[in-house]
Amino acid sequence: DERRRAEQLAVRLVEVYEQLFLYLTRRERIERSVSLLSDPLVEVRGFGIGQIERMLRNGERADEATRRAVTVLLDDPVPALRLRGVRLLDDLGATDLAARIVERLPRERDVEVARGYLAVLAGRPAAEVFAAVAPLVRDPALGEAAAAVLNRLADRKMMPPDAAVQLLP
């Protein structure tokens with residue numbers, strides 16, 4: 001079966017990358033990891049994400065070019081990789097992440113990814129997210145996560161003056 005063979009080849013390719021990365025310098029690992037984020041194979045993109053996540057766990061800092069490159073994950077066709085991407089960008093401290101999430105939130109169709117977006121927004125409250133998050137309070141799947149974001153905005157006194165009017169039915 002061709003599908004099974006393709007999956008086996010993808011797994012084998014990741015194993016080869018794992019071995020290769022053992023011999024690379026820190027700079028080379030970062031460069032290669034970034035280049036893997038746009039690979040056509042899901043497994044290879046996942047490996048690239050994992051390498052950057054490992055770098056952060058090891059206390060290494062990413063440069064601005066790496067942060068910019070990771071933003072490609074927000075548009076990945078695979079929901080699990082979009083979710084890992086938004087979390088990774090949060091860990092990297094991407095300064096424009098709230099704006100990028102607000103731009104994507106209305107068209108996100110995967111509930112888990114949308115919840116992940118909202119969790120990140122709750123962790124970094126910004127007044128400009130209110131308009132995108134407020135309508136989600138009534139969404140059965142996202143209401144609780146949206147309410148958490150709005151609660152953080154209220155705690156930080158970042159709600160717009162007419163917030164009550166916008167939230168009441």
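All heavy atoms count here, side chains included; hydrogens, waters and symmetry mates do not.
The backbone N or O of L24 sits less than 3.5 Å from a side-chain atom of R29, completing a donor-acceptor pair. Panel note: side chain R67, backbone A62; a donor-acceptor pair is recorded below 3.5 Å. A donor-acceptor contact shorter than 3.5 Å links the side chain of R152 to the backbone of A122.
The distance from atom CZ of R82 to atom CD of E108, rounded to the nearest 0.5 Å, is 4.0 Å. Separating the CD atom in E60 from the CD1 atom in I30 is a distance of 6.0 Å, to the nearest 0.5 Å.
Ion pairing between E103 and R100 fails under the 4.0 Å rule for side-chain N and carboxylate O. A salt bridge links D76 with R45: the closest approach of a Lys/Arg side-chain nitrogen to an acidic carboxylate oxygen falls below 4.0 angstrom.
Using a 4.5 Å heavy-atom threshold, the side chains of L83 and R115 count as separate. With a 4.5 Å cut-off on side-chain heavy atoms, V129 and L105 do not count as touching. Contact annotation: the side chain of L74 never approaches that of I101 to less than 4.5 Å [non-hydrogen atoms, C-beta and beyond]. Counting heavy atoms from C-beta outward, L13 and E43 have side chains that stay 4.5 Å or more apart. Using a 4.5 Å heavy-atom threshold, the side chains of L37 and I52 count as touching. In this structure, the side chains of V102 and E128 stay at 4.5 Å or more apart for every pair of heavy atoms. For the pair R27 and D63, the minimum side-chain heavy-atom distance is below 4.5 Å. Side-chain contact between M158 and F130: absent, with no pair of heavy atoms (C-beta onward) separated by less than 4.5 Å.
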Pair L56-L88, side-chain contact (heavy atoms from CB on, under 4.5 Å): steps then yes or no | CA-CA 9 Å; L56 293 175; L88 182 55; 3.6 Å; yes
Where do R12 and E15 land on the salt bridge (Lys or Arg N to Asp or Glu O under 4.0 Å) test, with the steps shown first?
-> CA-CA 5 Å; R12 180 67 187 128; E15 290 171 353; 3.2 Å; yes
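Summarising the local packing, CZ of R26 is surrounded by more than 12 heavy atoms from other residues, nucleotides or ligands at distances under 6.0 Å. R61 CZ: 12 or fewer foreign heavy atoms inside a 6.0 Å radius.
Pairs engaging residues 68-91 under the ring pair (Phe, Tyr, Trp, His ring centres under 6.0 Å) rule: none recorded [sequence neighbours left out].
Taking the six-membered ring for Trp and thresholds of 30 and 60 degrees, Y17 and F47 have nearly parallel ring planes, at less than 30 degrees apart.
Under the 4.5 Å side-chain contact rule for hydrophobic residues, F21 and V44 share a cluster.
Listed by chain and number, the hydrophobic cluster partners of L9 come to none, as no ILVMFWY side chain reaches under 4.5 Å of it.
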